[in-house]
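Structure record follows, encoded as structure tokens.
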Amino acid sequence: MEIIHVSAECYPVAKAGGLGDVVGALPKYQRQLGHVAKVVMPMYRTKFLLANEWDVVHKGYTHLGNWWFNYTVIKEKTNKLGFDLYLVDINGVLDREKVYGYDDDIERFVAFQVSVADWLVAWKHRPDIVHVHDHQAALIPFFFKYCHAYQSLADIPTVLTIHNAQYQGWMGWDKSTYIPAYDTWKTGMLGWGNAINSLGSGIKCAWKVTTVSPTYLEEMRSNANGLEALLEYEKGKCSGILNGIDNLVWDPSTDGYFEDHFTIETVEEGKRKNKELLCQRFQLDPKKPLITFIGRLVGEKGADLLPQAIEDSFYYVGRRMNFLILGSGFPDVEGRLNAMKGLSRGDYNVYIGYDEALSHLMYAGADYILMPSRVEPCGLNQLYALRYGTIPVVRNTGGLHDTVLDYGDKNGYGIRFNHASVGDMTHGIWRAVEMYQQSEKVKEIRQHIMQLDFSWESSVKSYMQLYESIK
Ligand code: ADP
Ligand code: GLC
């Protein structure tokens, strides 16, 4: 079967979060099963672009409203990622340093999607499935079905995967000219609420819709940033498929980002060495448990709760642990976390920014990873942590619910708490610190979690079955 993935991110080309990891891994595992998988994404100005060689496969000319533009599709020459990678270049629009965060993001991603559809028509190539990811690609099912220019693509089955319904690609109706010509009586398939809603349109028009964990799908029926009723209406075509992790990239015995590799047999020693490195670099005390947070410093992740929970833990649980935070996001959360460095007695530090290498070292050297998420469609951090013998302390929601069992329960191995609140999180931290006193127990849990299998091998099969059902 041939699948074309359309996405704004794909690791290692460009990654802002878990979407990049998933789109970098899923096609690789589809190839392993003998299928043809391709990825199409915007051409940003990234290291990967400059470090690799490219063939020009198509040059086109299309438009966004009354702005006409040239675009170029380039393909990586050597199949370096294990699948065909295509980048869409729109001069001055997509070729920027960051993936998101520009005032014209709406124009950038609609122009990207228009170019993809325009190219597929010109290519006269018919994949079995077009699989679009998140709102930056979610208008494509509408384009295929209803835009006059793309009618030759109308019978290609589309799948939309929702990685995160908090962001939906909203635009006012004044921007409706961005959508290539369609019959106006189909307007309802674009909108939700009082605006064009890219993700909502994708849910209406895609042949199948998936979320990245079963529990997230369930939760979205009552909490989906305004899309609840739509999901309820379309529930017949929705299913939850848990993400996997790329075991080739995320392997503590071979990880290219740090030197002191370890296996299940050597986890105690390996963790100690990596922890010492981290503690040295961030002036922390290696004798105390190291509790980390890695991620976007935004409300969804409960990052705003961190400063108070850390202060309360120092006060109520005592200075019996270290905290190390890696992330970037809301300026006021960044500011508060930075300001707290003044409170450190060799037991707190923060690195504001995005640093792939440091994140790998933290998964390897940490004792615990904190995830107080308000919303967590799947969450990959806890899955990486498990594979690196790091015990997750998580809020019981979404994909965290599906992947972390509390160690107080049968076969459990992590720490779960119910509310995204400072009190619940502090209690979770207290439990982690208490657990740490029982070194044999910790050792046993580490060895257990490193053996859990959250690889793509099983999830990829669920996607293949889904495609088969609509092919
Ligand atoms: P989300 O996609 O919602 O941000 P996920 O848990 O699915 O959350 O994935 C987050 C991914 O991004 C993980 O690979 C994590 O290690 C990485 N990540 C997040 N923030 C940073 C950061 N500041 N530096 C390095 N890696 C980060
Ligand atoms: C999103 C979600 C995260 C998920 C990731 C990959 O960014 O917030 O929970 O793991 O996508 O699917």
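The chain is numbered in sequence order, starting from 1. This structure is a prediction, so every number in the text was calculated from the model and none was measured. We count ligands from 1, going down the list as the structure has it; atoms in each ligand are counted the same way.
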Once you restrict to heavy atoms under 4.0 Å, what part of [X] touches ligand 1? Side chain, backbone, both or neither.
{"X": "D355", "result": "backbone"}
{"X": "H163", "result": "neither"}
{"X": "K15", "result": "side chain"}

Got the closest protein heavy atom to [atom], with its distance?
{"atom": "atom 5 (P) of ligand 1", "value": "L380 N, 3.6 Å"}
{"atom": "atom 4 (O) of ligand 1", "value": "R296 NE, 2.8 Å"}
{"atom": "atom 3 (C) of ligand 2", "value": "E376 OE2, 3.4 Å"}
{"atom": "atom 22 (C) of ligand 1", "value": "Y354 CD1, 3.4 Å"}
{"atom": "atom 13 (C) of ligand 1", "value": "N381 OD1, 3.3 Å"}
{"atom": "atom 16 (O) of ligand 1", "value": "Y363 OH, 2.8 Å"}
{"atom": "atom 2 (O) of ligand 1", "value": "G18 N, 2.6 Å"}

[X]: numbered ligand 1 atoms lying under 4.0 Å from its heavy atoms:
{"X": "D21", "value": "13 (C), 14 (O)"}
{"X": "K301", "value": "1 (P), 3 (O), 4 (O), 8 (O)"}
{"X": "G327", "value": "23 (N)"}

Please determine whether a side-chain nitrogen of the Lys or Arg among [X] and [Y] lies less than 4.0 Å from a carboxylate oxygen of the Asp or Glu.
{"X": "R96", "Y": "D105", "result": "no"}
{"X": "D304", "Y": "R336", "result": "no"}
{"X": "R272", "Y": "E276", "result": "yes"}
{"X": "E259", "Y": "K273", "result": "no"}
{"X": "D424", "Y": "R395", "result": "no"}

Just heavy atoms, cut-off under 4.0 Å: does V22 contact ligand 2 by side chain, backbone, both, or neither? side chain

Checking heavy atoms under 4.0 Å, the part of V375 that sits near ligand 2 is neither

Look at atom 19 (C) of ligand 1 and find which of G20, A16, G295, G353 reaches it with the closest heavy atom. G295

Contact (N/O only, under 3.5 Å) between H163 and ligand 2: yes

Flag G379 as yes when one of its N or O atoms lies below 3.5 Å from any N or O atom of ligand 2, and as no otherwise. yes

Any side-chain heavy atom of Y348 within less than 4.5 Å of one from L343? no

Pairwise side-chain contact, F330 with R296, heavy-atom cut-off 4.5 Å (strictly under): no

For the pair N52 (side chain) and F48 (backbone), establish whether a donor and an acceptor sit closer than 3.5 Å, ignoring hydrogens and angles. yes

Against the six-membered ring of Y11, is K15 placed for a cation-pi contact (under 6.0 Å from the centre, within 45° of the normal)? yes

Crowded around K341 NZ? As in, over 12 foreign heavy atoms under 6.0 Å? yes

V110/K175 under side chain to side chain contact (heavy atoms under 4.5 Å, CB included): CA gap, chis, key distance, verdict: CA-CA 10 Å; V110 181; K175 298 207 159 125; over 6 Å; no

With a cutoff of 4.0 Å, is Y384 in contact with ligand 1, counting heavy atoms of the residue only? yes

Restricting to non-hydrogen atoms, name the atom on F83 and the atom on V23 that form the minimum distance, rounded to 0.1 Å. CZ-O, 4.2 Å

